Amino acid sequence: MPELPEVETIRRTLAGHVTGKRIIDIDLLWPGAVRGWQEHNFRDIVKGRQIEEIERRAKYLLIRLDQGWTLIAHMRMTGRLLYFLQATPPERHTHLIMTLDHGHLHFADQRKFGRILAIPTKEIPIWPSLAILGPEPLAAEFTVDVLAERLTGKKTNLKAKLLDQTVLAGLGNIYADESMFRAGLLPERPANSLTSEEMRRLHQAIQAVLRAGIESMGTSFRDYRDANGEKGSFQEFLQVYGRGDQPCRRCGQHLEKQKIAGRTTVFCRHCQH
DNA sequence: CCTTATGCCTGAATGC
DNA sequence: TGCATTCAGGCATAAG
């Protein structure tokens, strides 16, 4: 499920292929992929536009077009943005095909949760889903003090806060669990109970896990692929996610699996406190 | 402020 | 083996 490292990898693998290319045709196989009023206008808005730049904000891809339009793409669970140099028969669950003046961009999504919206660029800063996002965890501005400030007074469990995109933006279930394991912190800990030493470890762990995830081109636990259709390899390095009831790689004890904050959460009670 | 539930989806895994 | 149920989960939204 594309989280920050996966979306960043899609951005990087896509940028070289499509930056500067022009969208010459749109084939909308499932109108729900662009949703609402856009179903009627998406084609008119996007056809003929040139792709100027691809940015990322949290788990969102921002595809800047000319003439004041931006595509906001979110993969949610199973979305894929795939680039093909040659015209290629669409794989199953392909909902949108953008024919470029050089190559083809397919949006496919088995679960149909993902979306691509066309938004006027000037409205991007006030677009609600983006405006509420907390800091980028890999930005220089995201210091340990910023993290501490955003967790003060929050007696909710740590897992819920790490998944809360308004606290910090980009973690999902995989990297939240991996971060807490690396920091040696139990997911059920009240977020305001961390000592400054623990806060420092958490901050360090979040950044290290995300950087390692990007380094590995993301986690292909099941569906995720980059823009070239390639799997990432971070699944080989997961310590806890998807390993419930298996032995801890660090201490050998049984990893616990529990629903916390509504999500399956895996942790080691021996290594995390 | 907070938490929990629901809907959106399909396919893999599990239960009987 | 086959059919039915559960589970996976990001995020918007509603309800408690």
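These numbers come from the heavy atoms of this one structure, side chains and all, not from hydrogens, waters or symmetry mates. Because the structure is predicted, anything quoted here is derived from the model rather than measured. First the proteins, then the strands, lettered A, B, ... as listed; each starts at 1.
If you take CG on A/L162 and CG on A/L147, they are separated by 7.5 Å, rounding to the nearest 0.5 Å.
For A/Q165, no side-chain nitrogen or oxygen approaches OP1 or OP2 of C/dG10 to under 4.0 Å. Applying the 4.0 Å criterion to OP1 and OP2 of C/dA12, one finds that A/S129 has a side-chain N or O inside that range.
Of the residues near DNA chain C, A/Y60 and A/T264, the one whose nearest nucleotide (by heavy atom distance) lies more toward the 5' end is A/T264. Residue order along DNA chain B, read from the 5' end via each residue's closest nucleotide, puts A/K154 first among A/K154 and A/R222. Comparing A/A160 and A/Q110 by the nucleotide of DNA chain B that holds the closest heavy atom to each, the one mapping nearer the 5' end is A/A160.
With rounding to whole Å, A/I174 atom CD1 is found 11 Å from C/dA8 atom C1'. As rounded to whole Å, 10 Å separates atom P of C/dT13 from atom CZ of A/R76. For A/K112 and C/dG10, the NZ to C1' distance is 18 Å, given to the nearest whole Å. Straight-line distance from the CG atom of A/L168 to the C1' atom of C/dG10: 15 Å, rounded to whole Å. Computed from coordinates, the A/D109 CG to C/dG10 C1' distance equals 11 Å when rounded to whole Å. Look at CD1 on A/I260: it is 13 Å from P on C/dA8, rounded to the nearest Å. Atom NZ of A/K59 and atom C1' of C/dC11 are 9 Å apart (whole Å). Straight-line distance from the CD1 atom of A/I132 to the C1' atom of C/dT13: 12 Å, rounded to whole Å.
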Problem set entry | side-chain contact (heavy atoms from CB on, under 4.5 Å) between A/F237 and A/T219, intermediate numbers included | CA-CA 9 Å; A/F237 305 105; A/T219 304; over 6 Å; no
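Taking a cutoff of 4.0 Å between a charged side-chain nitrogen and a carboxylate oxygen, A/R56 and A/E8 qualify as a salt bridge. Salt bridge status for A/K21 with A/D101: absent, with no side-chain N to carboxylate O gap under 4.0 Å. Using a cutoff of 4.0 Å between basic side-chain nitrogens and carboxylate oxygens, A/E178 and A/R182 are not scored as salt-bridged. A salt bridge is defined here as a Lys NZ or Arg NE, NH1 or NH2 lying under 4.0 Å from an Asp or Glu carboxylate O, and A/K231 with A/E236 fails to meet this definition.
Taking the side chain as every heavy atom from C-beta outward, A/H273 and A/E198 never approach each other to under 4.5 Å.
A/M77 comes within 4.0 angstrom of a nucleotide base, judged by non-hydrogen atoms across all strands. Among the atoms of the strands shown, only primed sugar atoms or phosphate atoms (P, OP1, OP2) are found under 4.0 Å from some heavy atom of A/R92. Among the heavy atoms of the strands, none lies under 4.0 Å from A/F221.
From one end of the helix from B/dC2-C/dG16 to B/dC16-C/dG2 to the other, with five pairs defining each end axis, the axis direction shifts by 70° (rounded to 10°).
When DNA chain B is scanned 5' to 3' for any atom under 4.0 Å from a heavy atom of chain A, the first and last hits are B/dC2 to B/dG11.
Aromatic ring centres of A/H74 and A/F113 lie farther apart than the 6.0 Å criterion allows.
Each of A/M1, A/K112, A/H93, A/Q110 was compared with A/T78 under the side-chain contact (heavy atoms from CB on, under 4.5 Å) criterion, and only A/Q110 meets it.
In the model, A/Y175 has a side-chain atom that pairs as donor or acceptor with a side-chain atom of A/E6 under 3.5 Å.
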